[in-house]
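For reference, the structure discussed in these notes is given below.
Atom set for the values below is all heavy atoms of this structure, side chains included, hydrogens, waters and symmetry mates excluded. So you know, we letter chains A, B, ... as the sequences are listed, proteins then strands, and number each from 1. Because the structure is predicted, anything quoted here is derived from the model rather than measured.
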Amino acid sequence: MTTQRIATLLKTGQPDESVKIQGWVRTKRELKGFSFVEVNDGSSLASLQVVINQDLPDYAEVIRRLNTGASLEVSGVLVPSPGKGQRIEVKAERVTVHGEADPETYPLQKKRHSFEFLRTMGHLRSRTNTIGAVLRVRNACASAIHEFFQERGFLWIHTPIITANDCEGAGELFTVTNLNLQKVPLTQDQKVDFSQDFFGRQAYLTVSGQLQVEAMALAFSNVYTFGPTFRAENSNTSRHLAEFWMVEPEIAFCNLEGNMNLAEDFLKYIFKSVLEACPEDMEFFNQRIDDSVLATADNIINNEFERITYTEAIALLEKSDRTFEYPVSWGLDLQSEHERYLAEELFKKPLIVTDYPTQIKAFYMRLNDDEKTVRAMDVLAPKIGEIIGGSQREERFNVLERRIRAQGMNPEDLWWYLDLRRYGTVPHAGFGLGFERVVQFMTGMGNIRDVIPFPRTPLSAEF
RNA sequence: UCCUCAGUAGCUCAGCGGUAGAGCGAUCGACUGUUAAUCGAUUGGUCGCAGGUUCGAAUCCUGCUGGGGAGCCA
């Protein structure tokens, strides 16, 4: 008999059906004459209750070995459950213990654990209710992202992880090298001689696939990247990782309005899709983690996002009677507290802020006619802050070259990026979305380290 | 990197100058249907590490780690 998944049995299993399941013991309750064992195989939040009667051969020995964390295989028959809390249960006919888990040392006890503690066991924590639910939602969300773009004819582009482009300006980079670090070759002026390194020049882990994905958009019209991204910043917050996943669509023949529409449709789609795919897990988050999770999802799906310009945002902040720690003034970037005030208190829903001052944004964003602002957009979500950052790109060769120079960079280093404006340039736009931040936002999880299987942060890469 | 709080039993914490306590877990026992099972008993600690102050340090001071907040950003 083939093994069935517990999620399927809980949903569609019928009494008298013969079944075989495999999984891990979540908890065991021994009574006189028989025992209840809850078995979870990761397919759903709920476990399947297995009833083992003492007339089973080797009953005492089997039960002794079935502690929390042990792995087993059960063959039996489904029966209606007389107890509360489950529709059906398995009456065990044969139980095989694959691996024991010594209860004296197995760290996951049948009680609540703090997330801090679970982080010290990256290899085991996915067997818990919360982290299990998070990772199922994460999977559903990743799947929804691909569905969304594939349905719309976007090509998934695998942009490089290793890059020599140090000119995107998006934070600190990790160097990739195979130089002998015991004996680093030096140039005459005592700098590291990267010409002797693997790529013949200094290379890095990517901080964004945007530059490359723009090149692809100018061949395939609509494309997206979805892959890991690396930042070597010494950021110690609940919203930052050194290794995270980013989604970056890029659309040719598109302006900022089209970009905003896509971003809004995109967020609505993935929330809806995850609610459909993981209703139990989402309900769990609403009950145990953050009781506004379902309302927030509903808010995203059913409301139009607010859209204001940076200039309007500054006016609203200046008009508010709130006192902010950081000053509000046209030309200064919005601080976390400003973004949160706008999204959480003033509008109480996601909003898109556009047309930021030129000097606080990247060189590739399209210059407006006033030359004081660029066609940038940030989608700000309650609780998380910036969840999406994007822009219409500067497609005019002369303007782009001028802006590269103005930011102290050398146009020659970006020769191929400029080439895209030299040959068949088109208006185009795109955005970047922090995948873990979306999962955080969806699940209500407070710390980004708990929405990725193995988080990498400063001083932390144990698992 | 800065601010701030915290490191005491397997876990969550109390004790805050006179050499250790609770709840949960685990273990054993009881219970024909439990579901964070319940009830009874038992077990459990170089008080993070290294220095220093003191007659005496878990307790006070200094360096290293974790949480929260900020900056940077996604």
Side-chain angles (χ1 to χ4, degrees), chain A residues 26-39 46-54 64 67-69 79-86 89 91 101-121 128-129 168-172 206-210 226 228-248 288 324-326 333-337 339-340 360-362 378-381 384-390 431-441 446-452 457-460 462:
Chain A
R26 278 298 171 80
T27 180
K28 168 184 71 176
R29 293 178 287 273
E30 288 183 68
L31 282 83
K32 191 178 188 179
F34 62 101
S35 296
F36 297 108
V37 176
E38 286 199 17
V39 180
S47 301
L48 184 55
Q49 176 161 286
V50 175
V51 184
I52 305 177
N53 203 281
Q54 65 180 350
R64 184 192 63 73
N67 293 301
T68 302
V79 294
S81 178
K84 285 178 200 154
Q86 61 276 317
E89 62 192 17
K91 193 171 179 305
D102 181 358
E104 298 279 4
T105 57
Y106 186 63
L108 295 176
Q109 306 168 347
K110 43 196 253 189
K111 57 170 284 192
R112 284 191 78 139
H113 287 298
S114 68
F115 294 127
E116 290 87 347
F117 173 65
L118 292 176
R119 262 171 239 150
T120 67
M121 307 178 299
T128 64
N129 284 342
E168 217 249 320
E172 298 288 316
T206 183
V207 293
S208 165
Q210 187 198 314
F226 184 9
T229 306
F230 307 87
R231 305 274 166 94
E233 272 132 23
N234 192 9
S235 295
N236 293 291
T237 82
S238 57
R239 306 182 309 281
H240 288 87
L241 292 166
E243 177 182 302
F244 63 98
W245 284 58
M246 192 150 66
V247 182
E248 296 175 286
R288 298 292 191 84
F324 296 106
E325 198 180 326
Y326 287 85
D333 206 355
L334 299 179
Q335 300 293 319
S336 288
E337 56 171 345
E339 296 178 346
R340 292 186 61 162
I360 61 172
K361 288 289 180 184
D378 283 356
V379 180
L380 310 180
I384 300 289
E386 187 181 337
I387 198 168
I388 283 179
F431 60 82
L433 163 120
F435 181 58
E436 283 75 16
R437 288 196 181 168
V438 172
V439 178
Q440 239 189 307
F441 188 41
N447 196 310
I448 200 165
R449 291 162 203 158
D450 301 324
V451 300
I452 187 167
T457 54
L459 299 175
S460 173
E462 176 74 16

**Prompt:** When rounded to the nearest 0.5 angstrom, what is the spacing between CD1 in A/I452 and CD in A/E436?
**Reply:** 4.0 Å
**Request:** Measure from CG on A/N447 to C1' on B/G69 and round the result to the nearest Å.
**Result:** 12 Å
**A/Y326 versus A/E337, closest heavy-atom pair with distance** = N-OE2, 2.6 Å
**Prompt:** For B/G48, what is the paired nucleotide under Watson-Crick or G-U wobble rules, both distances under 3.5 Å?
**Reply:** B/C64
**Complete:** Paired to B/U34 by Watson-Crick or G-U wobble criteria (both distances under 3.5 Å) is none
**Asked** Side chain of A/H240, base of B/C73: donor and acceptor closer than 3.5 Å?
**Response** yes
**Message:** Any base atoms under 4.0 Å from A/T237, or only sugar-phosphate, or nothing? Heavy atoms, all strands.
**Reply:** base
**Message:** So A/R64, base contact, sugar-phosphate only, or nothing? Heavy-atom distance under 4.0 Å.
**Reply:** nothing
**Request:** Give A/F431 one of three labels, base, sugar-phosphate or nothing, depending on what nucleic acid heavy atoms sit under 4.0 Å from its own.
**Result:** nothing
**Asked** Which is true for A/G33 with a 4.0 Å heavy-atom rule: it touches a base, it touches only sugar-phosphate, or it touches nothing?
**Response** nothing
**Message:** Measuring to OP1 and OP2 of B/G69, would you say a side-chain N or O of A/S238 lies under 4.0 angstrom away?
**Reply:** yes
**Complete:** Separation of B/G67 atom P from A/L459 atom CG, nearest Å, is 11 Å
**Request:** To the nearest Å, give me how far apart CZ (A/F117) and P (B/G7) are.
**Result:** 17 Å
**Asked** Taking all non-hydrogen atoms of both residues, which atom of A/T457 and which atom of A/R449 are closest, and how far apart?
**Response** CG2-NE, 3.6 Å
**Request:** Using a heavy-atom cut-off of under 4.0 Å over every strand shown, decide if A/E89 touches base, sugar-phosphate, or nothing.
**Result:** base
**Prompt:** Looking at B/C72, does its base get a donor-acceptor pair with the side chain of A/S235 below 3.5 Å?
**Reply:** yes
**Request:** May I ask you to say what A/S35 touches in the nucleic acid, namely base, sugar-phosphate or nothing, with a heavy-atom cut-off under 4.0 Å?
**Result:** nothing
**Request:** Please report, rounded to the nearest Å, how far the P atom of B/C73 is from the CG atom of A/L433.
**Result:** 17 Å
**Prompt:** Is A/F36 stacked on the base of B/G33, with ring centres under 5.5 Å apart and planes under 30° apart?
**Reply:** no
**Prompt:** Within a reach of under 6.0 Å around CZ of A/R288, are more than 12 heavy atoms found that belong to other residues, nucleotides or ligands?
**Reply:** no
**Request:** Provide, to the nearest angstrom, the distance between the CZ atom belonging to A/R340 and the P atom belonging to B/C73.
**Result:** 18 Å
**Message:** Any base atoms under 4.0 Å from A/F34, or only sugar-phosphate, or nothing? Heavy atoms, all strands.
**Reply:** base
**Prompt:** Looking at CG of A/N447 and CZ of A/R119, how far apart are the two atoms once the value is rounded to the nearest 0.5 Å?
**Reply:** 4.0 Å
**Item:** A/R231 CZ to B/C72 C1', straight-line distance once rounded to whole Å
**Value:** 10 Å
**Request:** Classify the ring geometry between A/F36 and A/F34 as parallel (under 30°), tilted (30 to 60°) or perpendicular (over 60°).
**Result:** perpendicular
**Request:** Return the nearest nucleotide to the side chain of A/I448; candidates are B/C73, B/U34, B/A74.
**Result:** B/A74
**Asked** Between B/A70 atom P and A/F324 atom CZ, what is the distance in whole Å?
**Response** 14 Å
**Message:** Quick check for you: among B/U32, B/G68, B/C72, whose closest atom lies nearest to any side-chain atom of A/R449?
**Reply:** B/G68
**B/G29 pairs with, by Watson-Crick or G-U criteria that keep both distances under 3.5 Å** = B/C39
**Message:** Judged by each residue's nearest nucleotide on RNA chain B, which is more toward the 5′ side, A/V51 or A/N234?
**Reply:** A/N234
**Prompt:** Going 5' to 3' along nucleotides 23-29 of chain B, which nucleotides have protein heavy atoms under 4.0 Å from the base (write B), which only from the sugar-phosphate (write S), and which from neither (write -)?
**Reply:** BBSSS--
**Asked** Is B/U32 in the syn or the anti form, by the rule that syn lies within 90° of 0?
**Response** anti
**Item:** Pairwise distance CZ(A/F244) to CZ(A/F435) - rounded to 0.5 angstrom
**Value:** 12.5 Å
**Request:** Please work out if A/R119 contacts a base, only the sugar-phosphate, or nothing of the nucleic acid, heavy-atom cut-off 4.0 Å.
**Result:** sugar-phosphate
**Prompt:** Between the side-chain atoms of A/R437 and the base atoms of B/C73, is any donor-acceptor pair under 3.5 Å?
**Reply:** yes
**Message:** Distance check needed: B/U12 P versus A/H113 NE2, whole Å only.
**Reply:** 8 Å
**Message:** Within the 4.5 Å heavy-atom criterion, are A/P103 and A/K28 side-chain neighbours or not?
**Reply:** no
**Complete:** Judged by nearest nucleotide, the residue sitting upstream toward the 5' end of RNA chain B, A/K28 or A/Y106, is A/Y106
**Fill in**
When rounded to the nearest 0.5 Å, the distance separating CG of A/L459 from CG of A/N234 is 7.5 Å
**Prompt:** Which part of the nucleic acid, if any, lies within contact of A/E30, taking any heavy atom under 4.0 Å across all strands shown: a base, the sugar-phosphate backbone alone, or nothing?
**Reply:** base
**Message:** So A/E337, base contact, sugar-phosphate only, or nothing? Heavy-atom distance under 4.0 Å.
**Reply:** nothing
**Request:** Have a look at A/E38 and tell me which of A/R29, A/R26, A/K110 forms a salt bridge (Lys or Arg N to Asp or Glu O under 4.0 Å) with it.
**Result:** A/R29
**Asked** What about A/Q86, does its side chain sit under 3.5 Å from the base of B/U34 through a donor-acceptor pair?
**Response** yes
**Fill in**
Checking N1-N3 plus N6-O4 or O6-N4 for Watson-Crick, or N1-O2 and O6-N3 for wobble, each under 3.5 Å, the partner of B/U53 is none
